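Values below: all heavy atoms of this structure, side chains included; hydrogens, waters and symmetry mates excluded. Chain A is the first sequence line, chain B the second, and so forth, proteins listed ahead of strands; every chain is numbered from 1. Here the structure is a predicted model, which means the values were calculated and not measured.
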Amino acid sequence: MLATFGKKRNLSPMDSRYTPQDIEDKWYSAWEAAGAFKPQGQGKPFTMVIPPPNVTGALHMGHALNNTLQDVLIRWKRMQGYKTLWQPGTDHAGIATQSVVEKHLAKQGIKRQDLGREAFVEKVWEWKAEYGERIVGQLKKLGCSCDWSRLRFTMDEGLSRAVREVFVRLYEDGLIYQGHRLVNWCPKLQTALADEEVENKETQGYFWSIRYPFEDNPAEGIVVSTTRPETLFGDVAVAVNAEDERYRNLIGKNVLIPIINRPIPIIADEHADPTKGSGAVKITPAHDFNDFEVGKRHKLEPIICLDLKGNLNEQAGPYAGMYRFKAREKLVAELQEKGLLTEVEDRVIPIPTCYRSGDIIEPYLLNQWYVHMKPLAEPALQCVENGETRFVPERYTKTYRAWLEPFRDWCISRQLWWGHQIPAWYVVSETGGERRNETPVVVGRDAEEARRKAVAKFGPEAVLVQEEDVLDTWFSSALWPFSTLGWPDKTEDLDTFYPTDILSTARDIIYFWVARMIFSGLKFLGKPPFHTVYIHGTILDAKGQRMSKSKGNGIDPLEMIDQYGADAVRFALMTMTTEGQDIKLSPTKFETGRNFANKLWNAVRFVLPHAEAGQGEFSDKHLQLADKWILSRLNTVIREVTLSLEALRFADATQALYRFTWDDFCSSYLEIRKKSITQGEGDEKRNAVAVFKHVLERLIALLHPFMPYITEEIRHNLGDTDLLITSGWPEVDSSRIDTGIEREFSETFALVEAVRSVRGQYSISPAQAINVVATYTDPAQAERVGRQEAILRNLENIGELQLGSGLAKPKFSATQVLTGGEAHVPLEGILDPEQERRRLTKELERSRNFVETQKKKLGNEKFTANAPPEVVEAEREKLASQQEKAGKLEQALAGLE
RNA sequence: GGGCGUUUAGCUCAGUUGGUUUAGAGCAUCUGCCUUACAAGCAGAGGGUCGCAAGUUCAAAUCUUGCAACGCCCACCA
């Protein structure tokens with residue numbers, strides 16, 4: 001797997017600054033050319049499906065985050081030897097795409113109606129051909145290792161066949177039906193919407209109270225309140241509560257609708273709430289969800305008073321043809337004039353708006369197609385309840401349940417042209433009914449099948465007309481995990497890759513998409529489509545607001561990639577991905593990522609001229625303390641990163657890598673071994689370089705899923721000819737993990753830090769050597785540290801060094817207390833006794849406080865009796881070492897001159 | 001109104017089952033360094049009563065309850 005380096009090295013002039021732009025495209029092409037993204041080998045499959053972006057969309061930060069996350073997992077699993085498939089594709093995004101094209105045509109003064117359905121759809125396909133590859137190109141820029149040879153589109157032939165198959169089967173199972181009821185109608189887009197496509201926006205509005213005169217006594221009347229007065233033309237009754245004393249005797253009387261003077265009855269219904277408004281409420285079944293129910297209870301025929309564009313119709317008398325809001329304005333004025341407007345109250349009201357167009361929704365009585373949800377939702381709930389599919393973070397299980405449990409039927413028909421035309425045909429004849437829901441219907445996988453069915457049922461004279469509506473976009477997205485693998489055919493791919501493993505997505509489509517994939521997978525394949533749903537956080541701007549085009553506060557990932565490199569962008573995003581938390585983003589985060597890449601690059605640049613010297617593996621007998629230490633740390637990190645990825649803890653993984661690379665590998669190890677690498681001879685040099693390379697090879701492998709480009713480039717700069725992307729994932733060598741070595745190393749490192757601290761306090765130039773007297777209580781410790789003099793001298797400019805036990809403190813020296821000893825730095829002429837006293841006093845105070853709390857804790861019998869013995873023992877040791885430290889600080893203070 | 005999340009250093013955030021962290025990181029700040037990998041760097045330093053209150057416990061940033069602020073989702077067009 002990790003080949004040796006040094007062979008056939010093609011030394012490029014490596015700049016001190018890493019420039020990602022030079023190498024990214026090169027390596028991406030190399031991976032593609034090598035077929036590295038295709039499922040390979042005989043390993044266990046690991047599969048993910050990409051959340052298909054809108055075909056005409058552009059990459060935003062949310063995509064960048066989610067797709068980086070998926071790519072990290074796929075690359076990691078691929079290196080681990082799994083037969084990985086990351087299935088890519090795009091979504092036709094019915095409403096969104098149709099709107100984009102319509103807007104585009106509008107600029108040329110063309111309406112879709114001018115073109116007609118066929119020509120318009122043709123235009124959309126052209127649009128798709130032009131812009132459909134854009135988002136794919138952008139995902140490639142980010143480094144996504146999807147198997148692009150399998151790129152699918154929700155409206156391509158295969159997926160459309162899956163859609164028709166599902167529709168027919170659901171229909172045959174009685175799970176799809178037509179219903180004549182109120183739907184959310186968007187007058188602007190001219191289509192029905194599903195409940196979850198409606199957004200309620202709090203808006204400043206009015207609550208108008210209007211008097212409806214009694215039919216037999218027009219001088220008096222009953223007052224009703226409404227926020228939508230223009231709907232009064234569709235009123236069929238006024239309801240009061242039977243318990244309401246004020247109105248009880250009016251029940252059964254008729255009142256007149258103002259302006260048009262149509263009589264309607266006062267009825268008793270529980271919907272009327274005596275505490276709201278006047279307690280009497282107008283009933284408009286054709287334009288209000290609650291009223292629709294009231295109308296049904298009282299068998300009142302709904303009256304439609306609006307047309308589909310939002311204009312009032314002939315029911316509105318003088319207002320016929322007027323746009324709804326214009327009519328509202330005029331109507332209020334007229335009512336006021338007539339003395340029928342009794343009160344106007346300012347009120348914040350939730351206004352339902354269309355999630356695409358933003359237009360105000362009108363509930364409208366129409367015929368639409370529905371999916372009967374209960375039989376589908378129940379197993380889908382069950383499957384999450386029993387853990388077959390789990391959400392990460394787990395709390396989203398609740399969100400999922402809250403959406404599915406009400407079993408609201410799914411309105412799947414859309415009055416659009418762009419989408420899957422519903423595979424249902426109306427059987428019309430001379431005697432055929434006028435209303436569609438009274439017309440016989442046949443469904444079929446294609447026109448021929450429908451025709452066969454119609455002929456069998458209605459005879460050869462039957463004439464078929466296909467339903468014009470298309471299906472909700474999410475109807476096809478729901479099939480994504482299996483339609484992309486060839487279903488309804490029994491394909492090998494389906495066999496190998498279904499069910500997939502992890503689905504990663506944003507929380508706002510848990511219902512739109514995730515839930516629907518789960519019930520579809522269960523219904524048609526008998527297995528949930530994935531075992532884990534990872535819900536990532538939402539990307540926010542630096543102020544914590546959602547990024548949006550209208551606010552103009554978005555950070556463009558492609559600009560960031562341009563500026564900092566894809567690796568930096570990916571790494572930064574992953575460091576911020578802590579379980580499900582929202583991410584406040586500012587470009588400085590990418591700077592940190594870029595700096596990190598640069599750091600790694602320069603470490604490589606340093607060793608490259610010496611790589612030749614480090615042929616082969618190092619030999620154990622030449623290993624020094626620092627070597628053993630870095631090998632111990634390396635294997636610890638391999639373990640940490642692997643476990644973090646398994647737990648989907650991306651920030652933990654990157655943090656471990658960052659720390660190890662920067663602090664351990666560069667700041668400590670490289671600095672210590674620098675001299676051996678550049679100036680050492682024979683075995684010394686060979687071994688130092690070999691260890692360095694051994695660590696580096698594994699480090700770039702660990703970093704590869706996060707920073708694929710730079711790591712691939714490094715591997716090849718080091719002389720490897722095979723690709724890192726398909727090489728192995730490092731394995732932990734537990735025998736190298738040695739806490740004794742790590743302790744011994746930090747013992748030595750502590751002395752370095754002590755000296756550096758004194759140097760820093762007195763601003764002594766690094767060029768000036770300083771003398772050190774280190775004394776330890778235990779002679780064995782002094783000897784151990786003494787053996788590491790090379791480390792001390794490599795990390796600090798030390799002049800005379802005395803190491804021992806019971807050494808006296810030289811005059812005029814600054815003192816640093818160590819575990820088990822002290823370091824004195826003689827500073828005659830430099831030492832500031834006052835400053836020294838202040839520092840030592842402060843430290844002593846802190847130390848004494850700690851000793852106090854420890855004593856109290858250990859003096860508590862309940863503690864010593866109840867806490868586990870090892871905890872008590874640890875606390876005792878803490879006390880002892882702190883007491884020792886306090887003693888030493890006291891001594892140092894006393895000895896100050 | 002219901003649900004969920006957040007509140008830890010000036011800023012952005014870690015802190016997994018309560019004890020080995022007398023609270024950690026990055027950025028920012030201050031001091032000294034162009035030390036032949038890196039100034040996108042090196043070394044050092046300062047900075048926090050872990051939102052507030054009560055409780056459980058030998059022990060609470062961590063568990064429970066209440067409160068507050070901020071954010072998200074759902075419901076609510078009388």
Side-chain angles (χ1 to χ4, degrees), chain A residues 14 16-18 196 200 203 205 207 224-228 231 239 271-273 276-284 288-291 347 349-352 360-361 363 393 395-396 398-399 402-403 507-508 538 540 542 544-546 564 575-576 578-586 588-589 591-592 594-608 647 649 651-652 655 658-659 666-667 670-671 674 678 753 756-767 795-797 846-847 849-851 853-854 857 860-868 870-872 874-875 877-878 882:
Chain A
M14 290 174 88
S16 77
R17 284 196 178 181
Y18 169 62
E196 63 281 357
N200 286 310
T203 314
F207 194 47
V224 300
S225 303
T226 180
T227 57
R228 294 189 303 159
T231 61
H271 170 59
D273 182 344
K276 283 187 185 170
S278 65
V281 56
K282 64 198 255 333
I283 302 298
T284 325
D288 181 282
F289 287 96
N290 285 315
D291 294 1
R347 184 181 274 204
I349 40 177
I351 306 241
I360 295 173
I361 295 296
R395 63 173 181 275
Y396 289 110
K398 256 189 165 171
T399 309
W403 272 108
R507 63 170 169 269
D508 50 349
T538 306
L540 308 168
Q545 294 180 309
R546 269 187 106 98
Y564 300 108
T575 59
M576 292 180 273
T578 51
E579 184 148 304
Q581 283 314 310
D582 288 352
I583 296 168
K584 280 190 210 169
L585 193 65
S586 71
T588 61
K589 309 256 184 185
E591 230 170 271
T592 308
R594 176 199 60 183
N595 294 354
F596 180 63
N598 193 50
K599 185 77 183 173
L600 181 67
W601 181 252
N602 276 293
V604 174
R605 212 164 63 89
F606 165 77
V607 80
L608 209 55
R649 296 181 67 93
D652 286 2
Q655 201 196 17
Y658 186 93
R659 275 233 179 86
C666 293
S667 295
L670 195 154
E671 291 300 331
K674 211 177 226 175
T678 54
E753 285 181 321
R756 282 175 171 177
S757 177
V758 171
R759 189 188 285 281
Q761 259 158 55
Y762 290 96
S763 297
I764 301 164
S765 155
L795 295 179
E796 248 302 308
N797 187 359
R846 221 184 278 175
S847 186
N849 284 343
F850 185 57
V851 167
T853 54
Q854 279 311 93
K857 193 185 263 186
N860 185 342
E861 266 178 48
K862 285 182 188 164
F863 171 66
T864 45
N866 293 324
E870 62 273 18
V871 171
V872 177
E875 295 299 320
E877 272 170 30
K878 272 199 251 173
Q882 202 61 221

Practice problem: Determine whether more than 12 heavy atoms belonging to other residues, nucleotides or ligands lie under 6.0 Å from atom CZ of A/R395. | Solution: yes
Quiz prompt | A/K599 side chain near B/A37 phosphate (N/O to OP1/OP2, under 4.0 Å) | solution = no
Quiz item: Heavy atoms under 4.0 Å, any strand shown: does A/F207 hit a base, just sugar-phosphate, or nothing?
Solution: sugar-phosphate
Self-check item: Sugar-phosphate only, base, or nothing, as touched by A/N860 at under 4.0 Å among non-hydrogen atoms
Solution: sugar-phosphate
Exercise. Identify whether any heavy atom of A/K878 sits under 4.0 Å from a base atom; if not, whether one sits that close to sugar-phosphate; answer base, sugar-phosphate or nothing.
Key: sugar-phosphate
Quiz prompt | Side-chain N,O (A/N200) to OP1/OP2 (B/C74) below 4.0 Å | solution = no
Quiz item: Among the nucleotides B/A45, B/U35, B/G15, which one has an atom lying closest to any side-chain atom of A/R649?
Solution: B/G15
Exercise. Indicate, with a heavy-atom threshold strictly under 4.0 Å, whether A/K276 touches base, sugar-phosphate, or nothing.
Key: base
Quiz item: Do A/E753 and A/R756 meet the salt-bridge criterion of a basic N to acidic O distance under 4.0 Å?
Solution: no
Quiz item: For A/K589 and A/E671, take the nucleotide of RNA chain B holding the closest heavy atom to each; which residue's nucleotide lies nearer the 5' end?
Solution: A/K589
Self-check item: Closest listed nucleotide, where the reference is the side chain of A/R507 and the choices are B/G44, B/A37, B/C72
Solution: B/C72
Quiz item: Looking at the side chain of A/P363, which of B/A45, B/C77, B/G41 is the nearest nucleotide?
Solution: B/C77
Quiz prompt | Listed nucleotide nearest any side-chain atom of A/S667, set B/A43, B/C4, B/C77 | solution = B/A43
Quiz item: Counting side-chain heavy atoms from CB outward, which of B/A37, B/C77, B/C38 is closest to A/L670?
Solution: B/A37
Quiz prompt | Sugar-phosphate only, base, or nothing, as touched by A/T853 at under 4.0 Å among non-hydrogen atoms | solution = nothing
Quiz item: So what does A/R594 touch, heavy atoms closer than 4.0 Å: a base, only the sugar-phosphate, or nothing?
Solution: base
Practice problem: Could you please name the option among B/C4, B/C42, B/G44 that lies closest to any side-chain atom of A/K398? | Solution: B/C4
Self-check item: Sugar-phosphate only, base, or nothing, as touched by A/A874 at under 4.0 Å among non-hydrogen atoms
Solution: nothing
Practice problem: Tell me which nucleotide among B/G44, B/G24, B/C76 gets nearest to the side chain of A/R659. | Solution: B/G24
Quiz prompt | Closest-nucleotide 5' rank along RNA chain B - winner of A/A767 and A/E796 | solution = A/A767
Practice problem: Choose from B/A14, B/A39, B/A78 the nucleotide whose nearest atom is closest to any side-chain atom of A/S225. | Solution: B/A78
Quiz item: Just checking A/A402: base, sugar-phosphate only, or nothing, at a heavy-atom cut-off of under 4.0 Å?
Solution: nothing
Quiz item: Any side-chain N or O of A/K862 under 4.0 Å from OP1/OP2 of B/U57?
Solution: no
Practice problem: Consider the side chain of A/P766, meaning its heavy atoms from C-beta on, and name the nucleotide among B/A14, B/A37, B/C33 that approaches it most closely. | Solution: B/C33
Self-check item: Sugar-phosphate, base or nothing in reach of A/I283, heavy atoms under 4.0 Å
Solution: nothing
Quiz item: A/T226 near the nucleic acid: base, sugar-phosphate alone, or nothing, with a heavy-atom cut-off under 4.0 Å?
Solution: sugar-phosphate
Practice problem: Answer with base, sugar-phosphate or nothing: what part of the nucleic acid does A/R228 contact at a heavy-atom distance below 4.0 Å? | Solution: base
Quiz item: Does the side chain of A/T538 pick up a donor-acceptor pair with the side chain of A/R546 at under 3.5 Å?
Solution: no
Exercise. Check every atom of B/A37, B/A40, B/C74 against the side chain of A/R17 and return the nucleotide holding the closest atom.
Key: B/A40
